[in-house]
Amino acid sequence: MMKTKAEMSNVPEEKKESHLWNAMHRFNPGAEEVIASTGKGSWFTDEAGNQFLDGVSGLWCLNLGHGQQEIVDAAAEQMMKLSYFPLTMSHEPAIKLAGKISELLGADYQTFFSNSGSEANETAFKMVRQYHNQTGNPGKFKVISRYRGYHGSTLGALSATAQANRRVKYDPGVPGFLHVYPPYSYRSIFDGDPEETDLKAAQLLEEMINWEGEETVGAFIMEPFISGGGVIIPSTKYIQRVAEICKKYNVLLIMDEVVSGYGRTGEMFGFKHAEGVQPDIVTMAKGLTSGYLPLGATAVKSEIYDAFKEDGKDNHFRHVSTYGGHPASCAVALKNIEIIERENIVDRVRELGKSKLGKLHQLIDHENVGEVRQVGFLLGLEMVTDKQSKVPIDDGKMGKIIGACKEKGLIVGKNGDTVPGQNNVIIVAPPLTSTEDDLDFLVETLDSVIRSL
Ligand SMILES: Cc1ncc(COP(=O)(O)O)c(C=O)c1O
C-alpha cells in the first residue's frame, strides 16, 4: 500500500546535489524530486519508499510495465551470444525484427533501425529527400506537419514539431519544414460537426501543397493521434482524406507511430483505425521495446526502397547509426512483440479502455472539463475555466491537479511547453498491462482530485 506524504522520509541530501541535468526542468533546488529505485508492473517506488502508479508509462513507452522476466532474459542471452554488431552488415535479431515489422504493418516494408523516435523521423526525412531526388523530382524536399504535433527533439525533428514553446530559443529550424492547421474539432475555426471540421482541416493540407507547388513538397508527417500536443483525436475520415491527398500529389505519407504503435490505441498501429490507409513510411520507437532498451525504426514501403537499389554514385542510403538496431534491442523488441501477441494486449486495451479507463468520460459533467478525448489507453482531459468560454485553465491550476494526484500516489502528465497559453490537457497513458485494480485506482484518484477543484 502506498505511503502517505506524512510518512515519507526525506530524499537523501547528496541526491539533491546531483550533477544530473534533468529533462524539461526549471532550476528549482527546493523542489521535492522523485528519485525512482524499483519498479513492478505499473508501479514504481522511490528512494524514500513511496509508491506511485505510473499513469503515463514513463514517457508513454513502458507498455508492458516493469519486470517482464522474459524480456530481461532475451536481452541477457543476446548480449552473451553477440554483444554488438553494426548494421553495415547484418545480424539475426535485426533480420527477424525487420521481417516481423513488415508482417505487422500489413504490406512489404524495408526497415532501417536507429535508437529513438527523433532519429527514426530524421532518418525518414533524409530518405524522403533522396527518394524524390532519385526518382526525377529533386525539388520535392519540403515536409509538412501539423501545429501541435510532436516529432522529436533533434533539429530536423524539432523543425517538424509545430509546438511554438518547444522551439523558443532554438529557432530557426531546418529550412523546408511547413506547418498546417490540425484537425482539432474542440477549438476548430470551422463550423460543423467534428467530422466536417476535420475534413476541412484536411482540405487545408491540399491548399498548402498547391500554394507551395506540388513539385516542392516531399512528405507529410503526422501522428495518427496527436499525443504530447494534447491528445487530439481526429475522425478516421480525416486520416483517410490526407492519405488520398498525399497520393494525389506524390507526397510521401510518414506516419509517426512512436507513441501510438504497438497497441497503445487498441490497434497494433494507430493508422489501422483508418481502413484502407497504408503509409509510405512508418516511424516507431517507445512501445517497440516497451522501453526496456532504446530502439527506433523507420519502415518504408518496398517501392520506395527500390529507388535506393539503383546502381550509381551516391544512390545508396549513406546513413549509419552505431547503435541503431543493437542486437540486444532487437531481441528485446522481438520478445516484446511476442508477448503483445500472445497475451492479446491489443484486445485488452480496446476492452479495458472502454470498461475501465473510459469511466473518466463521466468527468465531462464537471465545469472545468471541456472535453474528454480517448483512444484505447491514451486519454486527454482538456481543462477549461468554464465550458462556455473554453478559456484554458492556467498553469498553476494544472500544476495543482498533477501535484494532488502525485500526493495520492498517481503520476499523470500534461501537454507541457507546447502551445502558448494552451498547456491545459491532462494526459493519461498507463501501461497496457495495468491490472483492473490499477485502472480503478487511476480513475478514482483522478476523479476525486478534479471533483475537489
Ligand atoms: C509522436 C512522437 N514522435 C517522436 C518522438 C521522439 O521520440 P524520442 O524521445 O525517442 O526521440 C516522440 C517522443 O515523445 C513522440 O511522442
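Order of appearance sets the numbers: ligands from 1, and atoms from 1 within every ligand.
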Ligand 1 N/O within reach of H151 N/O, cut-off under 3.5 Å: no

Does this structure show an ion pair linking K397 with D394, if we count only N-O contacts that are shorter than 4.0 Å? no

Centroid separation Y109 to Y305 less than 6.0 Å: no

For ligand 1, the portion of S118 having any non-hydrogen atom under 4.0 Å away: both

Suppose I only count heavy atoms of E223 and a 4.0 Å limit; which atoms of ligand 1 are within that range? 1 (C)

Look at atom OH of Y323 and say whether more than 12 heavy atoms of other residues, nucleotides or ligands are closer to it than 6.0 Å. no

Is the shortest distance from a heavy atom of K286 to ligand 1 less than 4.0 Å? yes

Between the OG1 atom in T216 and the CG atom in L178, the distance rounded to the nearest 0.5 Å is 7.5 Å

Relative to the heavy atoms of G117, which atoms of ligand 1 are at a distance of less than 4.0 Å? 6 (C), 7 (O), 8 (P), 10 (O), 11 (O)

Quick one: which ligand 1 atoms are inside 4.0 Å of a heavy atom on S116? 10 (O), 11 (O)

Please determine whether a side-chain nitrogen of the Lys or Arg among R348 and E343 lies less than 4.0 Å from a carboxylate oxygen of the Asp or Glu. no

With only distance considered, is D256 within less than 3.5 Å of ligand 1 through an N or O on each side? yes

From the candidates I226, V259, T283, L295, the one that places a heavy atom nearest atom 16 (O) of ligand 1: V259

Donor-acceptor pairs are to be reported for all side-chain atoms of residues 294-303 against protein atoms at under 3.5 Å, with residues two or more places apart or in another chain.
unit_1, atom_1, unit_2, atom_2, d
T298, OG1, A120, O, 2.8

